[in-house]
Amino acid sequence: MNRPIDLVIFDCDGVLVDSEPIAVRTHVRLGAEFGWPLTEAEVMRRFVGRSTTSIGEQIAERLGPDTAKRWDEGFRELHAEAVDRELTVVDGIEEALDGLEALGYGPDRRCIASSGSHDKMRHTLGRVGLYERFEGRIFSAHEVERGKPAPDLFLYAARSTGVDPAACVVVEDSRFGVEAARAAGMRSFGYVGGLTPAEWLTGDGTVVLTDLRALPALVAEQDGRVAHAAGN
């Protein structure tokens, strides 16, 4: 029998809300304005899955702290405007959440652990109607010393909810996220239906999926209790 799963930890951007294309385009635009030409592939490699602090440190190293501050301010403004115009949920996530609830993974057995700030998540999740499904169980990298790929955020989420890391499974779409899950001693599902190549997510303890609608069945397979009950 597989180990029980007591907590499903979701990343936010790229797993719940389809915000990664917006973020990538915004960073490309700002890079051109501030003198650091970046392709979308470079933004993916450097920034996606990282905390605001980590991104700012990279920009400051290249362009100086004043420019990094202006870049961050510009990103917040442009990103918020684009979110209001075009943000949608990630395809299949609502069905996935409903399916998990039917298996017993309700609000008390799920949470969010994201590199984004609480303000950003309130905006994006609220915009698409998902905030209430996670309210009170949302954790940000701004609350820990080190962001992904360090394990701090996922361990903080497990500790805050009173769950052993070995009984957690993470749903991620970035290589930094799955690396953080492995460092935390957690299993993970790597979603490749967005921008991330599958080869960035494959590795020990990670199951790659292309459709989030498959998530409930995959969680049930990982959790021996659910699989056993379903077979009876």
Side-chain angles (χ1 to χ4, degrees), residues 10-91 93 112-131 138-150 152-153 171-180 190-201:
F10 289 88
D11 179 41
C12 183
D13 297 298
V15 171
L16 299 175
V17 295
D18 194 19
S19 53
E20 298 291 29
I22 295 172
V24 170
R25 291 198 308 268
T26 302
H27 280 305
V28 169
R29 173 178 171 178
L30 291 167
E33 290 181 7
F34 287 115
W36 186 8
L38 290 164
T39 65
E40 291 190 357
E42 288 173 321
V43 172
M44 285 288 299
R45 179 171 57 84
R46 288 178 174 273
F47 295 166
V48 171
R50 292 281 199 177
S51 67
T52 303
T53 299
S54 175
I55 294 171
E57 288 171 350
Q58 293 182 61
I59 297 169
E61 183 177 357
R62 179 78 175 234
L63 301 174
D66 289 342
T67 299
K69 181 179 179 181
R70 289 162 54 209
W71 185 311
D72 179 62
E73 291 170 348
F75 180 85
R76 291 172 188 269
E77 179 179 351
L78 293 171
H79 187 271
E81 291 173 355
V83 163
D84 286 339
R85 284 196 311 269
E86 61 189 88
L87 186 69
T88 62
V89 297
V90 173
D91 183 48
I93 189 59
I112 294 172
S114 170
S115 295
S117 68
H118 280 286
D119 285 344
K120 179 183 174 185
M121 286 186 278
R122 271 191 294 269
H123 183 208
T124 57
L125 293 167
R127 192 71 187 173
V128 298
L130 288 181
Y131 187 79
I138 301 175
F139 306 99
S140 165
H142 293 218
E143 299 174 78
V144 297
E145 182 177 354
R146 301 175 300 169
K148 305 169 188 177
D152 301 29
L153 177 58
V171 187
E172 266 284 356
D173 74 316
S174 79
R175 62 176 179 176
F176 300 120
V178 294
E179 289 171 8
Y191 174 60
V192 296
L195 300 179
T196 305
E199 57 267 27
W200 287 11
L201 303 182

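The structure places OG of Ser115 at 8.0 Å from CD1 of Ile55, a figure rounded to the nearest 0.5 Å. Rounding to the nearest 0.5 Å gives a distance of 8.5 Å between CG of Leu125 and CG of Asp13. For the atom pair His142 NE2 and Ser117 OG, the distance stands at 5.0 Å (nearest 0.5 Å). Taking CD1 from Ile112 and OH from Tyr131, the interatomic distance works out to 9.0 Å, rounded to the nearest 0.5 Å. Between Ile138 atom CD1 and Glu143 atom CD the span is 10.0 Å, to the nearest 0.5 Å. Between Leu201 atom CG and Glu172 atom CD the span is 8.5 Å, to the nearest 0.5 Å.
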For residues 41-54, which side-chain donor-acceptor pairs fall under 3.5 Å, sequence neighbours excluded?
| from | atom 1 | to | atom 2 | distance (Å) |
| --- | --- | --- | --- | --- |
| Glu42 | OE1 | Thr39 | N | 2.8 |
| Glu42 | OE1 | Thr39 | OG1 | 3.4 |
| Ser51 | OG | Ser54 | N | 3.1 |

Name the atoms and distances for all side-chain donor-acceptor pairs under 3.5 Å in residues 26-35, with sequence neighbours left out.
| from | atom 1 | to | atom 2 | distance (Å) |
| --- | --- | --- | --- | --- |
| Thr26 | OG1 | Ile22 | O | 2.7 |
| His27 | ND1 | Trp71 | NE1 | 3.0 |
| Arg29 | NE | Glu33 | OE2 | 3.3 |

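Scanning all heavy atoms of the two residues, the minimum distance from Gln58 to Trp36 falls at O-CZ3, 4.1 Å. Closest approach of Leu63 to Thr67, counting heavy atoms only: O-OG1, 3.5 Å. Annotation for Gly56 and Ala68: closest pair O-CB, 3.7 Å, computed over non-hydrogen atoms. Val178 and Trp200 make their closest contact through CG2-O, 4.2 Å (heavy atoms, listed as atom of the first residue, atom of the second, distance). The nearest pair of heavy atoms linking Leu130 to Leu16 is CD1-O, 3.7 Å.
The number of heavy-atom neighbours closer than 6.0 Å to CD of Glu199, taken from other residues, nucleotides and ligands shown, is above 12.
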>> Working note: Asp84 + Arg127, criterion side-chain contact (heavy atoms from CB on, under 4.5 Å); need CA distance, chi angles, decisive distance, verdict.
In response: CA-CA 7 Å; Asp84 286 339; Arg127 192 71 187 173; 3.7 Å; yes
> Where do Lys148 and Asp11 land on the side-chain contact (heavy atoms from CB on, under 4.5 Å) test, with the steps shown first?
Replying inline: CA-CA 11 Å; Lys148 305 169 188 177; Asp11 179 41; 3.2 Å; yes
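Under a 4.0 Å N-O distance rule, the pair Arg122/Asp119 qualifies as a salt bridge. Salt-bridge check for Arg76 with Asp72: passed, with a basic side-chain N closer than 4.0 Å to an acidic carboxylate O.
Judged by distance alone, with hydrogens and angles left aside, the side-chain atoms of Glu77 form no donor-acceptor pair with the main-chain N or O of Gly74 at under 3.5 Å.
Counting heavy atoms from C-beta outward, Tyr191 and Val90 have side chains that approach closer than 4.5 Å. For the pair Thr124/Cys12, a side-chain contact is recorded, criterion being any heavy-atom separation below 4.5 Å from C-beta on.
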